[in-house]
Amino acid sequence: MNRPQVSHLCFTPPRLFCIFTPPCLPCCLLSPSEVTLALLDSANDKDPVVREQVRKSILTLGKQQPNKVLSMCQDYLVKHPKLVIGHRVVILQTIELIVKTKIDDISYPKIKSIISLASDEMTRSKDVVPDWQQAASNILVAVGNKYINDIMEEILSKFQPGILPHFFVVQTLASLSESNVYGMVPFLNAILGTMLPMLGMAKQDNMKWVFSSALSHFSESILEYLANLDKAPDPTVRKDTFSSDIYAAYDILYCSWLQSRESKLRLTVAEAVGSMSHLMAHDKLEEQLPKLIPTILSLYKKNTEHYVISKVGRPLMTAAVNVPTCTVIVILLPLQVCAPVDYSNPLTVKNHNEVLRCFSILANTFPDRLVMFVLQKLENSNERIRMGSLAVLRHLINSSKSIMETKKLLILASIRQPLADHSNKVKKRVVQVISAMAHHGYLELEGGDLLVKFIIQHCALPDTYYVRQRPSDPEEVTNEALRSMCDNTLHLFTTTVGRLTDVLWPMLLYYLTPGQYSNATTPLCKSLTLLGTKKRASQEPNFNIDFNEQGRCLLEGAPFTRCVNGSFPFRSRGHGAPSLSLLNVISPNIHPNAETLWEKEIPALLSYLEGKGPPLNDPRNIFYELSRFLFLASWLFPQGFLYRCVGVTLQQCSNKEVVQKQLQEILISARHNDAMERAGVAMGIGLCASSHLDATLAKLDDFGKSDAFKKASGIFSLLKDKNDLDVEKMKSTLILCYGYVALHAPEDQILSRIDSDILRSISKHFNTKVKMVLIVLTHLNIFLLLKDFIKAEPTDAMRTPVRHLVMTTCANLMYPLMPRGVLVGCILEQSPEMSAIDCQPVRSLIPLNNMVTFHNLGSLLGRLAPRCTDPNPLVRRAAIDCIYTLLYIHDQLISPNDQLISPSDQLISPSDHKRLPQQQLNTLIFMLFEGLVDSQSNCSRASSVLLNTLLKHRGAGLQDLVSEMLEVLHIRLQMISEEQVKVSVAQSILILATQHLQTVINTLISYPLPFDSWSCEMWIALGADSKLASQIMEMLMEKLNIMVPYVDKKESMMRGGLTKVATSHPLAMTCALKEMMLNGQSQDAVVSLFPQLFSSLLVRLGSSLGVTLPKDINSFGTNRKSLTPLSVCSWVCRVAVEALRILLARAQLDHVVKPLDQEGAWDKMKDPQQHITGVTLLARAMAKHAGPRLPAIVECLCPCLNNIYECQRVTITAFFSELLNHHVVTELMMMDVLMNNMMERISDPCCTVRMLAVRGLGNIAVGSPEKVNKYAKELLAAMSSGMEEKDDPGKRITLEAMSGLSKVLLYLDKKNVQLLVVYIFMKIKPFLESVSRAERHFCCHGYHPAASHCVNPGVLAKFPIWPSYHHGHLIIPSLLLAHSPPLPCNYSPGCCCK
């Protein structure tokens, strides 16, 4: 067929093709045949995208004219028998696609010819050529879906008895049995008869593999056929038809092939044996199982792919009715069930599930033995075995319900052992088992309450605290994760397991009051709310709780004492709102009158807590007043608040016995050494006394007479249980209780009791340590009277003469009790955020000036100073007054000034801050650090301003505290949400750096790698001052250039290889430079130091290549074992690459960054195989877009060429090599410097450096051709040396030398070439005879310019390489080689370095 010559193929959407020939021929004039032929010619294009598009295009034509296109494809293959394999594969794949989609439209004669073609292509080569032969086999399989008889006729002709068939003949039979079950099964009996003798002839592993695979597919097809006989063409086919042949094949596979050393073959044989076992006669199978099952399971130890083994083992166990299971379980449980499951690997998950199904099968056959075995393993000392046993137990509970029904009590008794396990991993499995038990009725049985208790206990787990670094174990279960799981499980019980409703209600109420469950309040309240709402809505009788019958509940108010956590709404995981919701639901059980009030008030409180409603500020609201009262109490004494709740509850309790019992419990269980708890106990008992004065006084008197207050005497004093200090603390508690009893008891009853009961009891325990309380009680009537005076004053004005006199009197009464500093300290230490009214007692102390100096002045000022900007003006005024007074008392220099409201004007003015002693200043600064996270944004901002002012004026004297201050700032940054405060903290770091630069840098550099976000913020802050940033960058670069970038360490004791491991400090300095340059204000510093920064980072990039992280650094937050070596190595290099990119961006070299981004240069720089290409692209972009900066960069880089690290020399040489490819080198007069450096590198010990040096010298001819003749001698000598290189594995230097020579010769004067032509030809001639296409390619490039300069044909006659010479011009047919694409010349830095 005559057709126009194709010179270019154009693809235009939608899949239209234009073939341009000279002259251009419109595509409309081309026939479909010509288009198809052109596409077939282009089917082996080097671009895979083009190949795929060609295939789709031929398919499009084939769908329109299948017969014609198939004929053309067939003819093309026949006419080109020597077509390359890849080309043939594409055409064969195209034929397969056409057959699959249009088989009904293809004529029968064409089908026959296609079958013949595919069969011939598949078996033409006796050797196995997978791509080619698989493509032909796929055609036969596609045709066989409809023309199975014709296919079998062709295939069986090449599947003759006594002759080992071609590999792909057997493979095709296997594929056909899978794709066309009903068509192939009738042939399988004959095929198996022919195949059996061939099994003994198979000696090579690949033939054994294909026969095993075929037998597996045949067995699966037969089983599918037998399972669907109603659809089968021949319903008379039976299992017995194949049993004898299958058993004969099984015998060979089991006895011989299963013992192969090749793991892939073993797995395939095992899979085949598993499939074949279903077709074996029952008696034969029973005979083989006792030895077959252990053999299959033993493969677990020999292979890493376990899924296939498990899949084979499951059907075998189904048949193993009479086989002892002990061996099976002992092998299976430890190896598989207990192995960790990698959920990112689907095969390991499938294997785990398959093994669990095996246990389900064993449970059906041997339930008692299996359950006992699993339960015994729960007590094993190996954590993995305990976890695996729990996984099996959970699976059996879910999958074998009927079998496990009779074993519920046994399981409940056995599960108690793992309930006490200390491992969170085991506890996680226990929770999963309990969840399964809940759905199957276990928790309603005796002992089920222990499982519920276990869940609630772990809902109350505290947070996990790590001393140093978080564990790297990927299976590590933190307290948070386990707690969240238990929360979800409890919620699941409440919402989805309806049978548990009566079990959980009211049992969950029991866990609200004990302190150990306080962290579980939120999930408990949520579950109880759901349960209570459901029962209350359906009016179930057991919604109403009889607290007299529920002995485990304290009293009716017990739930209330926990649910009033609304006063701490955001503690314990936000338990405020759930607690109030539960109160609203159970209000009928608390008190009949509570329901109406709480249904009105609690929703408003919930809206307030959830931020959905307006603040509750109506003082007439009774519930609001109670909440506010409790809020204030809890703010000062968090533990005391709960005792106060008990006291409020006992006020309303009418049962005298309960009151006595609870008072006794409070006094005995209290921690008397804890001052806050002592105060709480006293408040609670005082509140109880308001309704039960006689009972309370009696109980206090009994407590005072108890043995706890008696001291041992004589020789028994050596054996006493309580020391004097403990007794004194209990006395303090008792006396304080009497004080609050006197405070809260009814006035008409208490006056007569003070002398007769209270003072008499106190006098028994009187000593100097409790003198303060005694005096308070002596003046009790005065205090009560003063209280009435204050109540009588008008509330619209805070400052009245009477109120002022009353407060002054109170202060004077307290004056003899303790030094002024102690009193003020006690008040302020309790709450730095007091309201205006709370500050009045402090202000009343102002007139008393003759007090001692405060040892805690700095602490007090640190707490008060931020309050000077409190949103409440009364608090601001009171705080300022207190500060004035504190400073006045301290040094008698400041007088109060009511008009002053700015703290910075007086507290830390240039004259005031100097008055603080150094120790007090240190305390003040650290207290201000705490103020940075103040809940009031105004106060946190004030703390930051004060802090910066103090550091600016006094920071120079804090040398010893710099590291500690930076650590505190690092911690505070994690909690600061106010942006303005973050800015001020950054300024603090900057101030410290200006005063203690070296200390700051050393401290920040030592932080763990990788830097967390807050460490990064601290480094970014140092870039804000351009001058300081320059100093820091210079210091970092100086150290970076002299420190060891990595060390060589042995990979392991078993391996002899060395691994490059990064050193921490240079890596941290690189990270620091990167973070500093992220600050936009560092631009001036970056620009001024650009050459030094660029060269340092480029050298650092070279020394980071292929370097792995130290073992003590986890840069990915995951298990290092799951990471590939490449990802671990690339992180070190990535830091340098990112720093280099940020440097270019900060220096406003966007024209350099853009092409590098487009060409993927950054990723190439990190890849050891493409590093040189990436550096080359970087040098090219710099030469094109940043030429003026290059001289300084080259000057900085030149000394580094003598570094001892080859990787650094490779990177710099690659950079210089590409610079020589551009004329900017000549324009900026850098040629001599670069030329000299490249000549020096010719003798470098690293062959990659030598290769790059030769490349750079050759590039001179491209970048500065006018310089070639100037350096002709040096260039030719370098190229000659390169071609004679002996230490050159892979001939890389040789190829570069010939490539460079071809460039240089083009620009040499004829005179110089004629003098050297014979020498050049002598050098080139040996490479023309080389078998390497690359060497001949570059040789021809070098020969042609040399010959062009040669005018003496006699010289050429001595080198008879070309056949003709005509009119002074050489005709060079050999140079057709040069029309092929350039060969890649990209070498990794270490590929040939020794």
Side-chain angles (χ1 to χ4, degrees), residues 861-862 865-866 868-869 902-905 907-910 912-913 916 921-922 924-934 936-959 961-1005 1007 1011-1033 1035-1036 1072-1073 1075-1086 1146:
L861 289 177
C868 294
T869 59
S902 173
S904 58
D905 289 343
L907 174 62
I908 51 174
S909 66
D912 290 340
H913 68 79
L916 284 174
L921 176 67
N922 299 348
L924 172 59
I925 289 175
F926 280 96
M927 290 305 302
L928 290 175
F929 284 150
E930 293 185 14
L932 295 175
V933 293
D934 196 290
Q936 293 287 348
S937 59
N938 286 355
C939 297
S940 61
R941 289 196 290 266
S943 296
S944 64
V945 173
L946 294 170
L947 181 63
N948 287 343
T949 305
L950 285 173
L951 291 177
K952 184 176 180 181
H953 289 90
R954 300 282 297 271
L958 301 173
Q959 173 73 29
L961 295 176
V962 172
S963 297
E964 187 179 354
M965 287 192 291
L966 289 173
E967 182 61 32
V968 173
L969 287 174
H970 179 256
I971 295 172
R972 290 291 175 265
L973 273 173
Q974 303 173 30
M975 298 180 283
I976 295 173
S977 58
E978 186 76 22
E979 281 301 320
Q980 186 173 338
V981 178
K982 287 186 177 181
V983 173
S984 295
V985 170
Q987 186 65 25
S988 301
I989 297 170
L990 202 60
I991 293 171
L992 286 174
T994 58
Q995 298 166 341
H996 312 283
L997 181 58
Q998 189 64 56
T999 305
V1000 170
I1001 292 178
N1002 292 342
T1003 302
L1004 296 183
I1005 282 292
Y1007 281 6
F1011 291 150
D1012 55 36
S1013 59
W1014 304 286
S1015 300
C1016 293
E1017 287 184 21
M1018 298 175 80
W1019 277 110
I1020 291 173
L1022 296 178
D1025 186 320
S1026 181
K1027 183 179 179 180
L1028 181 66
S1030 297
Q1031 295 177 6
I1032 297 174
M1033 290 177 181
M1035 294 173 64
L1036 293 178
L1073 285 172
E1075 299 301 332
M1076 287 183 64
M1077 290 188 293
L1078 286 174
N1079 192 322
Q1081 298 178 21
S1082 67
Q1083 182 171 329
D1084 292 342
V1086 169
R1146 185 60 63 213

> Should we count NZ of Lys952 as having more than 12 external heavy atoms under 6.0 Å?
Replying inline: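 Atom NZ in Lys952 is not crowded, with 12 or fewer foreign heavy atoms closer than 6.0 Å.
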Quick one, [X] and [Y] - any side-chain contact, counting heavy atoms below 4.5 Å?
| X | Y | result |
| --- | --- | --- |
| Leu932 | Glu978 | no |
| Phe926 | Glu964 | yes |
| Ile1032 | Val1000 | no |
| Val945 | Thr869 | no |

Donor-acceptor pair, [X] side chain versus [Y] backbone, under 3.5 Å?
| X | Y | value |
| --- | --- | --- |
| Glu1075 | Ser1015 | no |
| Arg972 | Phe929 | yes |
| Ser940 | Val933 | no |

> Which value, rounded to the nearest 0.5 Å, describes the distance between Asn1079 atom CG and Glu1017 atom CD?
Replying inline: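 The distance works out to 11.5 Å.
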> Once you round to the nearest 0.5 Å, how far does CZ of Arg941 lie from CG of Asp934?
Replying inline: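 So the CZ of Arg941 and the CG of Asp934 are separated by 11.0 Å.
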> So, Thr999 and Asn1002: side-chain donor and acceptor under 3.5 Å apart, yes or no?
Replying inline: no
> What closest approach, in Å, do Leu992 and Met965 show between heavy atoms, and which atom pair accounts for it?
Replying inline: CD2-CE, 3.7 Å
